[in-house]
> 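Quick one: this structure, given as structure tokens, is what I'll be asking you about.
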There are 2 protein chains.
Amino acid sequence: MRPSKRDELVQKALTIFYREGFHAAGMDLLSAETGISKTTMFKHFRTKEELILAVLRLRDEQFRNWLFRRMEQLGPTPRDRMLAMFDALREWFQTPEYRSCMFIKASGEYPQRDHPIHALSAEHKRLLHRQITELAREAGAVEPEVLARALLLLKEGAIVTAHIGHEVDPAGDARAMAEVLIDKALEKH
Amino acid sequence: MRPSKRDELVQKALTIFYREGFHAAGMDLLSAETGISKTTMFKHFRTKEELILAVLRLRDEQFRNWLFRRMEQLGPTPRDRMLAMFDALREWFQTPEYRSCMFIKASGEYPQRDHPIHALSAEHKRLLHRQITELAREAGAVEPEVLARALLLLKEGAIVTAHIGHEVDPAGDARAMAEVLIDKALEKH
DNA sequence: CATTAAATGAACAGATCTGTTCACAATGCA
DNA sequence: TGCATTGTGAACAGATCTGTTCATTTAATG
């Protein structure tokens, strides 16, 4: 078995939690759908919460890897890469299995800020901010942290709007807004 | 009893669902915390889902009333009122009971778009868009619908960012971004 | 092949979930 | 006062929840 049973479980649990929600997906459903026995699941994780935390750690890694890889592919310059974030997001939104951001949903279902699951979601957002800040700095922004916060705020807005599904192209809207704000942030004075 | 038992239940259930989440708050907890017997709850609502839908209808009304009233109080001109949306949001974010947008959380816990709870969340966002579009038109925007989409995207982004709690002043960030975008949307050509 | 480690299935515990039943109490109104 | 409506409490049903137990089977390793 190349991928360990544990890794296989975490990856499959990710898919199910993402599709169904954390409270809605019970351990019996996970067992039935992953084909991994409950006994094994509880041997690897003492509680459901520990499994969820492992799922979120995997998601953090996979999502940031995917996003920045895609941004690099789509944009030659740092400025282009910032804008390409919204092209990457649009691709994500258009997949049939799209169901919002896993961390937004996690913090929604575990709304207390000191809950480990909520705290991990905050950490994910902080890591994103760090990476986008670096990109904004490369692009020559005077206040790269401010620009990064702006771009990420657009990202969260687009993610939520795309999921609720009442608008046609939130990624496109966010991209157009980003263009204006990036131009302003890179202006020579 | 001036407010009917039904209304009292819906209002109190709103508070509890908002604080705990929809799946996390069971009917027994609701009964214990509202002081209304389970028998009565199920006499007024055949299922938990029907109660949740009533809660969301009340929230839709109360939230839009609060927001637009506050925007009118804080802003003398249509342009000011658009910006005042973010001042109102900041006030909301600073309350200790703030726990994100009830409709974002509802669509997160009921992620399928054809689910009545998800559909009602989408309707709430559509009504908001209609009202902000009208305001953008009054302000003289050439494309009021586009500006309204932009402002609401900022709103959703700020709401989510404020709840996850990794940033200091998402409402202020969104306000500054809105100012740039409003200026651009109201430019004479 | 033999030994060890990992995974399985199925039953079980006890709590909690949604929703029901029913005898009784409180309330509103004539 | 008398009657109808509304609400109550507590027990109950049956499903599902997280987590455990254990005898057995499968897989990896020497």
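Hydrogens, waters and symmetry mates play no part in the numbers below; they use all other heavy atoms, side chains included. Residue numbers begin at 1 in each chain, while the letters A, B, ... track the order of the sequences. The structure presented is a predicted model; accordingly, all values stated were derived computationally and were not measured.
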> Tell me which nucleotide among D:dC22, C:dG19, D:dT8 gets nearest to the side chain of B:T47.
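The nucleotide sitting nearest to the side chain is C:dG19.
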> Quick one: list whatever passes side chain to side chain donor-acceptor pair (under 3.5 Å) with A:Q73, sequence neighbours left out.
A:R70
> Which ones in residues 110-117 of chain B lie close to DNA chain C, meaning a heavy atom under 4.0 Å from one of its atoms?
none
> Send over the distance from B:M27 CE to C:dA15 P, rounded to a whole Å.
22 Å
> Given D:dG7, C:dG19, C:dA7, identify the nucleotide with an atom nearest to the side chain of B:K5.
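Closest nucleotide to the B:K5 side chain: D:dG7.
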> Considering only distance and modelled atom types, tabulate donor-acceptor pairs under 3.5 Å from the side chains of residues 51-60 of chain B, sequence neighbours left out.
unit_1 : atom_1 : unit_2 : atom_2 : d
B:D60  : OD1    : B:R64  : NE     : 2.8
B:D60  : OD1    : B:H124 : ND1    : 2.7
B:D60  : OD2    : B:R64  : NH2    : 3.0

> Between C:dA7, C:dG9, C:dC22, which nucleotide has the shortest distance from any of its atoms to the side chain of B:T39?
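Comparing C:dA7, C:dG9, C:dC22 against the side chain of B:T39, the answer is C:dC22.
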> Side chain of A:K38, heavy atoms from C-beta onward: which of C:dA7, D:dT20, D:dG7 has the nearest atom to it?
D:dT20
> Would you check if there is a donor-acceptor pair between the side chains of B:D28 and B:S31 at a distance under 3.5 Å?
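No, because no side-chain N or O of B:S31 sits under 3.5 Å from a partner of the opposite role on B:D28.
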> I want to confirm an ordering. Mapping A:K43 and A:A25 to their closest nucleotides on DNA chain D, which one lands closer to the 5' end?
A:A25
> Can you measure A:I36 atom CD1 to C:dA6 atom P for me and round it to whole angstrom units?
15 Å
> Calculate the interatomic distance between A:R46 atom CZ and D:dT20 atom P; express it in whole Å.
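Roughly 9 Å, once rounded to whole Å.
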> Tell me, please, which residues at least two apart from B:Q62 pass side chain to side chain donor-acceptor pair (under 3.5 Å).
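Scan of B:Q62 (side chain to side chain donor-acceptor pair (under 3.5 Å), adjacent residues dropped) gives B:Q11.
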> To the side chain of B:D28, which of C:dT8, D:dA10, C:dC17 is closest?
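Of the candidates, C:dC17 comes closest.
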> Rounded to whole Å, please give me the gap between CE in A:M41 and P in D:dT20.
13 Å
> OP1 or OP2 of C:dT8 less than 4.0 angstrom from a side-chain nitrogen or oxygen of A:S37, does that happen here?
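Yes, within the criterion.
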> Counting only pairs under 3.5 Å, give me each side-chain donor-acceptor contact of residues 142-149 of chain B, with atom names and distances, residues two or more places apart or in other chains.
unit_1 : atom_1 : unit_2 : atom_2 : d
B:R149 : NE     : A:D173 : OD2    : 2.7
B:R149 : NH2    : A:D173 : OD1    : 3.2

> May I have the distance from A:H44 (atom NE2) to D:dG19 (atom P), rounded to whole angstrom?
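That distance rounds to 16 Å.
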> Hey, is A:D7 close enough to A:K12 for a salt bridge, meaning N to O under 4.0 Å?
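Not counted as a salt bridge, because no side-chain N and carboxylate O are separated by less than 4.0 Å.
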> Please work out which residues in residues 11-24 of chain B have a non-hydrogen atom less than 4.0 Å from an atom of DNA chain C and list them by number.
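Contacting residues: none.
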> Taking NZ, NE, NH1 and NH2 as the nitrogens, is one of them in A:E123 or A:R126 under 4.0 Å from a carboxylate oxygen of the other?
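The answer is yes: the pair qualifies as a salt bridge.
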> For D:dT18, take OP1 and OP2 only and decide whether either is under 4.0 Å from a side-chain N or O of A:K48.
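Result: yes.
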> For the pair made of CZ in B:F42 and P in D:dC12, what is the distance, rounded to whole Å?
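Result: 19 Å.
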> Is any NZ, NE, NH1 or NH2 atom of the basic residue among A:E72 and A:R69 found under 4.0 Å from an Asp or Glu carboxylate oxygen of the other?
no
> Measure centre to centre between the rings of B:H23 and B:Y110, then say whether the value is under 6.0 Å.
yes
> Without decimals, in angstroms, what is the distance between B:E8 CD and C:dT27 P?
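Answer to the nearest Å: 13 Å.
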> On the ring face of A:F17, is A:K105 found with NZ or CZ under 6.0 Å from the centre and within 45° of the axis?
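A:K105 over A:F17 ring: no.
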